[in-house]
Amino acid sequence: MDASEALGTLWAEAGSVAVLTGAGISTDSGIADFRGPNGLWTRNPAAQAMFDIRAYLRDPEVRRAAWANRRANPAWTAQPNAGHLALAALQRAGRVDALMTQNIDGLHQRAGAADVLELHGTMWEVLCLDCDRRWPTPEILARDEDDPACTACGGILKTATISFGQALDRAVLEAAVQATQRADLLVAVGTSLQVNPVAGLAGLADRLAIVNAEETPYDDDAELVVRGSISQVLTAVADAVG
Ligand code: NAD
Ligand code: ZN
């Protein structure tokens, strides 16, 4: 039995399954991850400043870089890949009880998944850090400004995503904790499991399976670690279980 088959068996036998995804599930859609071999931070460690709220608030240069990076993000036109589609199919078949993601690209929803818990927010919305007003991101990008300000109060705008130094949405995090504790099996897919609090979900799971190309700090806690391509592994599982 290969590792994909073993995951299919584990998945089929579990009473309820929660899935946690990370940037690795979207690399086959042409969106780079952060810490993989071709990751944004692997190639350019200085890019991390764009994802630190203190730097973002303090330094207009960082905001300009962050907006330029957003504008250039392939996610605006990316299509869901076989991994996203397999998870949506498994959910429709009643084999995914909770779908949680650290991704901000909206590709799970585009693939047809419902009730996605977006732990790190979404790049498809912008919010004013002063007055909390929200806009669809394409509207703000259409203004074609390098550091757009809030039209209502002049405050600093940022995509509705969680940067380092920012707290996660309490309700979303609480829902994810409960979903993980309720599930018999947590499957972590395409995440390096290096950043808390989300990585900590892996420690709350009754049984844990990991699908990732590289090692994670939770590999020793997992009952099964699958090292293959996410698209291929999840397609095989959906065929076997869905
Ligand atoms: P990460 O970059 O830390 O780790 C991704 C992991 O996925 C790596 O270990 C890599 O080896 C693995 N991987 C990549 N492609 C794979 C493939 N096709 N098959 C198997 N494994 C593959 O990602 P993370 O743990 O999600 O943390 C990064 C943070 O960055 C998250 O908070 C997320 O919000 C954000 N992010 C999101 C996106 C997105 O929305 N698509 C993209 C980049 C970063
Ligand atoms: Zn405002």
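Counting convention: from 1, in listed order, for ligands and their atoms alike. In what follows, every heavy atom counts, from backbone to side chain, and hydrogens, waters and symmetry copies are set aside.
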For ligand 1, is any non-hydrogen atom under 4.0 Å from [X]'s backbone (N, CA, C, O), its side chain (CB onward), both, or neither?
{"X": "Ser26", "result": "side chain"}
{"X": "Asn103", "result": "both"}
{"X": "Thr191", "result": "both"}
{"X": "Ala32", "result": "backbone"}

Name the closest protein heavy atom to [atom], giving the residue it belongs to and the distance to 0.1 Å.
{"atom": "atom 39 (C) of ligand 1", "result": "Asp105 OD2, 3.4 Å"}
{"atom": "atom 1 (P) of ligand 1", "result": "Ser192 OG, 3.7 Å"}
{"atom": "atom 27 (O) of ligand 1", "result": "Arg35 NH1, 3.3 Å"}
{"atom": "atom 13 (N) of ligand 1", "result": "Gly24 CA, 3.7 Å"}
{"atom": "atom 18 (N) of ligand 1", "result": "Thr27 OG1, 3.2 Å"}
{"atom": "atom 23 (O) of ligand 1", "result": "Ala23 CB, 3.5 Å"}
{"atom": "atom 33 (C) of ligand 1", "result": "Gln102 O, 3.1 Å"}
{"atom": "atom 8 (C) of ligand 1", "result": "Glu214 OE1, 3.5 Å"}

Ligand-residue contact atoms, ligand 1 with [X], heavy atoms, under 4.0 Å:
{"X": "Ile31", "answer": "41 (N)"}
{"X": "His120", "answer": "31 (C), 32 (O), 34 (O)"}
{"X": "Gly22", "answer": "26 (O)"}

Geometric class of the Trp41/Phe164 ring pair [parallel <30°, tilted 30-60°, perpendicular >60°]:
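Phe164 and Trp41: tilted rings.
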
Any N or O of [X] that comes nearer than 3.5 Å to an N or O of ligand 1?
{"X": "Pro37", "result": "no"}
{"X": "Ala213", "result": "yes"}
{"X": "Ile104", "result": "yes"}
{"X": "Ser229", "result": "no"}

Against Ile162, only a single residue in Leu168, Val172, Ile104, Leu119 fulfils side chain to side chain contact (heavy atoms under 4.5 Å, CB included); can you say which?
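So the option named by the test is Leu168.
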
Looking at the rings of Phe51 and Tyr56, which for Trp means the six-membered one, are their centres under 6.0 Å apart?
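Judged by ring-centre distance (under 6.0 Å), Phe51 and Tyr56 do not meet the cut-off.
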
Options [options], ranked by nearest heavy atom to [atom], top entry:
{"atom": "atom 9 (O) of ligand 1", "options": "Asn38, Asp28, Asn212, Val195", "result": "Asn212"}
{"atom": "atom 19 (N) of ligand 1", "options": "Ile230, Leu234, Asp33, Val211", "result": "Ile230"}
{"atom": "atom 35 (C) of ligand 1", "options": "Phe34, Phe164, Trp41", "result": "Phe34"}

Output every pair passing side chain to side chain donor-acceptor pair (under 3.5 Å) with a member in residues 130-142, not counting sequence neighbours, ordered by first then second residue.
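Qualifying pairs, neighbours excluded: Glu125-Arg134.
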
Any donor-acceptor pair under 3.5 Å from [X] side chain to [Y] backbone:
{"X": "Asp184", "Y": "Gly15", "result": "yes"}
{"X": "Gln91", "Y": "Ala114", "result": "yes"}
{"X": "Asp146", "Y": "Arg64", "result": "no"}
{"X": "Trp76", "Y": "Arg70", "result": "yes"}
{"X": "Thr27", "Y": "Gly24", "result": "yes"}
{"X": "Asp147", "Y": "Pro60", "result": "no"}
{"X": "Arg95", "Y": "Ala238", "result": "no"}
{"X": "Thr42", "Y": "Asn38", "result": "no"}

If you draw a 6.0 Å radius around CD in Glu215, do more than 12 non-hydrogen atoms from other residues or ligands fall strictly inside?
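Counting neighbours around CD of Glu215, 12 or fewer heavy atoms of other residues, nucleotides or ligands fall under 6.0 Å, so no.
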
For Asn69, I'd like to know if atom CG has over 12 heavy atoms of other residues, nucleotides or ligands within 6.0 Å.
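Yes, enclosed.
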
Which residue pairs pass the salt bridge (Lys or Arg N to Asp or Glu O under 4.0 Å) test with at least one member in residues 217-234, sequence neighbours excluded?
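Residue pairs passing salt bridge (Lys or Arg N to Asp or Glu O under 4.0 Å), neighbours aside: Arg207-Glu223, Asp219-Arg227.
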
What are the two closest heavy atoms between Arg43 and Ala32, and how far apart are they?
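Minimum heavy-atom contact is NH2-CB, 3.9 Å.
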
Any non-hydrogen atom of Gly190 lying under 4.0 Å from ligand 1?
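So Gly190 counts as touching ligand 1.
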
Does Gly228 come within less than 4.0 Å of ligand 1, judged by its heavy atoms?
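Yes, that is the case, since the closest heavy atom of the residue is under 4.0 Å from the ligand.
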
Residues two or more places apart in sequence or in another chain: which of them pass side chain to side chain donor-acceptor pair (under 3.5 Å) with Ser29?
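By the side chain to side chain donor-acceptor pair (under 3.5 Å) rule, Ser29 matches Asn81.
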
Pull up every protein N/O/S atom sitting under 2.8 Å from the Zn ion (ligand 2), skipping waters.
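Those protein N, O or S atoms (cut-off: under 2.8 Å from the Zn ion (ligand 2)) are Cys128 SG, Cys131 SG, Cys150 SG, Cys153 SG.
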
Is a salt bridge present between Asp52 and Arg58, judged by a nitrogen-to-oxygen distance below 4.0 Å?
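The answer is no: the pair does not qualify as a salt bridge.
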
